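Everything on this sheet refers to the single structure shown next.
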Amino acid sequence: MIKDLVLPGLDEPPVERGGGVRTWYLVTVERGATEFVTGITEFDDGASLAPHFHNCQESVMVLEGKAVFEASGEQCEMEQQSATLVPTGTVHRFQNPGPGRLRILFVYGSTHVTRTLVPEVS
């Protein structure tokens, strides 16, 4: 039935990631995914993720607000509806410069995603 293809959205509690960042997982292995994983991450004003990389490609689209996207030591600002394609192993992170919240939709190109944190270079 078609209703079996529709998954719950943001009605479940988010995973708190610390520092004003929270994630809702949408398409997951537990919900039947066999090739990719998706979700929404929300950042409070001024919040950011630590630099990290994944074992698969990642695409992120800005749903709300503005983002500062950092990859391989370079930064650029992203507006609403802009997207990234982050290659496997690329050190990157997202930051919310404010004002207001930032919401991103992420898609991982694997169902077995790893996140490896990288120390920040001053």
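We number each residue from 1, following the sequence as shown. Predicted, not measured: the structure shown is a model, and the values here were computed from it.
- Arg101 places none of its side-chain heavy atoms less than 4.5 Å from the side chain of Asp45.
- Contact of the Trp24 side chain with the Arg103 side chain is registered, since non-hydrogen atoms from C-beta on lie closer than 4.5 Å.
- Contact of the Phe43 side chain with the Leu49 side chain is registered, since non-hydrogen atoms from C-beta on lie closer than 4.5 Å.
- Screening residues 55-85 for ring-ring contact (aromatic ring centres under 6.0 Å, His included) gives Phe69-Phe94 as the qualifying pairs, with residues at least two apart or on separate chains.
- Looking at Thr90, its side chain does come within 3.5 Å of a backbone N or O of Pro87 through a donor-acceptor pair.
- The shortest heavy-atom contact between Gly19 and Ala47 is O-CB, 3.2 Å.
- For the pair Arg22/Asp44, a side-chain contact is recorded, criterion being any heavy-atom separation below 4.5 Å from C-beta on.
- Within the 4.5 Å cutoff, side-chain heavy atoms of Thr41 are placed close to those of Arg17.
- Contact annotation: the side chain of His52 approaches that of His92 to within less than 4.5 Å [non-hydrogen atoms, C-beta and beyond].
- Between Val68 and Pro97, the closest side-chain pair of non-hydrogen atoms falls below 4.5 Å.
- Side-chain rings of Tyr108 and His54 approach one another, their centers coming within less than 6.0 Å.
- Residues Glu120 and Arg93 are paired through a salt bridge, judged by an N-O separation under 4.0 Å between the basic side chain and the carboxylate.
- Legend: side-chain hydrogen bond (donor to acceptor under 3.5 Å, both in side chains) pairs involving residues 74-88, not counting sequence neighbours, sorted by first then second residue: Glu70-Gln75.
- Looking at heavy atoms from C-beta onward, Val86 lies out of side-chain contact with Ser59 at the 4.5 angstrom threshold.
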